[in-house]
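In this chain, residues are counted from 1 in sequence order. When a ligand or atom number is given, it counts from 1 through the structure's own listing order.
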Amino acid sequence: MKNIVAGNWKSNKLLHEAMELMNEVKSGLSDTLSTEVIIAPPAPYLSVMTGQAGETLQVASQQCSATGSGAFTGEFTSAMLASCNINWVIIGHSERRQGYGETNDAVRDKLYAALDSGLHVLLCCGESLEVRESGAHFDWVQNQLSHALEGLSNEAMDGVVVAYEPIWAIGTGKTASSQQAQEMHAFIRTWLTNRFDQATAQACRILYGGSCKPSNADELFAQPDVNGGLIGGASLKAADFLAIVAAAEKH
Ligand code: 13P
């Protein structure tokens with residue numbers, strides 16, 4: 001199973017800056033990588049960047065709509081992304097759940113829409129500090145996953161990568177320790193085994209996200225159930241992002 005390192009650029013960079021960053025990342029990747037490398041730039045740049053990303057770099061959208069085409073001003077569908085050769089989409093990021101009212105139901109609808117369009121999904125889950133401190137973090141994550149994956153077949157899970165992103169670690173500089181990450185990732189894999197089957201759970205990549213950077217990536221990726229990372233801030237600097245890719249290559 002290949003590790004994945006995905007850079008979520010969030011709402012950062014103007015077009016010329018984004019192109020420069022993509023080109024720097026692209027030129028730093030060897031052709032023989034065994035890690036899948038993905039960047040998720042802001043939506044207006046997706047089409048132009050996909051055309052120029054080349055073979056080793058894949059492009060993801062940071063979200064998609066839950067609906068099909070129609071009178072939904074401002075939304076873009078997963079089928080539209082697929083028609084632009086975008087093969088990946090991030091769904092259920094905590095910033096969309098918290099800031100844009102994305103419910104567990106909306107996350108499930110988006111996931112189904114994306115898989116129906118043939119996209120691969122980076123499905124985000126993760127608890128707030130309040131939930132962790134109350135000790136309910138495993139229940140919280142289980143609830144998010146069971147909602148998002150409700151009714152999904154084992155075969156359809158081929159298109160799903162899970163990203164565990166504890167909200168208290170996102171953009172705070174406060175990374176989950178490698179033990180905390182491993183503990184939750186192992187919990188998720190066991191849950192996937194019970195919900196689907198062992199082969200499906202073993203084949204599912206589970207990424208860690210939240211203040212992952214060159215100085216801690218190696219230790220995080222060394223954990224048996226951590227199959228790469230979803231990187232925010234450190235993906236905005238090519239050297240840092242490439243160092244994280246190099247860490248994933250070692251494991
Ligand atoms: P940071 O790496 O900036 O903490 O962000 C993580 C994230 O939200 C990736 O989706």
Whether Arg97 side chain and Cys124 backbone form a donor-acceptor pair below 3.5 Å
yes

Consider every N or O of Gly232 and every N or O of ligand 1, then say whether any pair is closer than 3.5 Å.
yes

What protein heavy atom sits nearest atom 3 (O) of ligand 1, and how far off is it?
Gly233 N, 2.8 Å

Polar contact flag for Glu95 and ligand 1 (N/O pairs, less than 3.5 Å):
no

Would you say Lys10 touches ligand 1, if touching means a heavy atom closer than 4.0 Å?
yes

Proximal atoms of ligand 1 relative to Glu165 (non-hydrogen, under 4.0 Å)
6 (C), 7 (C), 8 (O), 9 (C), 10 (O)

Taking only Lys NZ, Arg NE, NH1 and NH2, and the carboxylate oxygens of Asp or Glu, determine whether Arg96 and Glu102 approach each other closer than 4.0 Å.
yes

Do the charged groups of Glu36 and Lys2 touch, with an N to O distance under 4.0 Å?
no

Any salt bridge linking Glu20 with Lys13? Criterion: basic side-chain nitrogen under 4.0 Å from a carboxylate oxygen.
no

Hey, is ligand 1 close enough to Thr172 that some N/O pair sits below 3.5 Å?
no

Output yes when the distance from some N or O of ligand 1 to some N or O of Ala234 is under 3.5 Å, and no in every other case.
no

Could you walk me through whether Leu149 and Trp191 pass the side-chain contact (heavy atoms from CB on, under 4.5 Å) test, one step at a time?
CA-CA 12 Å; Leu149 303 173; Trp191 183 82; 3.9 Å; yes

Which of the atoms of ligand 1 are close to Gly171, meaning less than 4.0 Å from one of its heavy atoms?
1 (P), 3 (O), 4 (O)

Within a distance under 4.0 Å of any heavy atom of Ala169, pick out the atoms of ligand 1 and give their elements.
4 (O)

Applying a strict 4.0 Å limit to heavy atoms, is Gly173 in contact with ligand 1?
no

Residue pair Gln202, Leu192: steps toward the side-chain contact (heavy atoms from CB on, under 4.5 Å) verdict
CA-CA 9 Å; Gln202 289 303 325; Leu192 290 170; over 6 Å; no

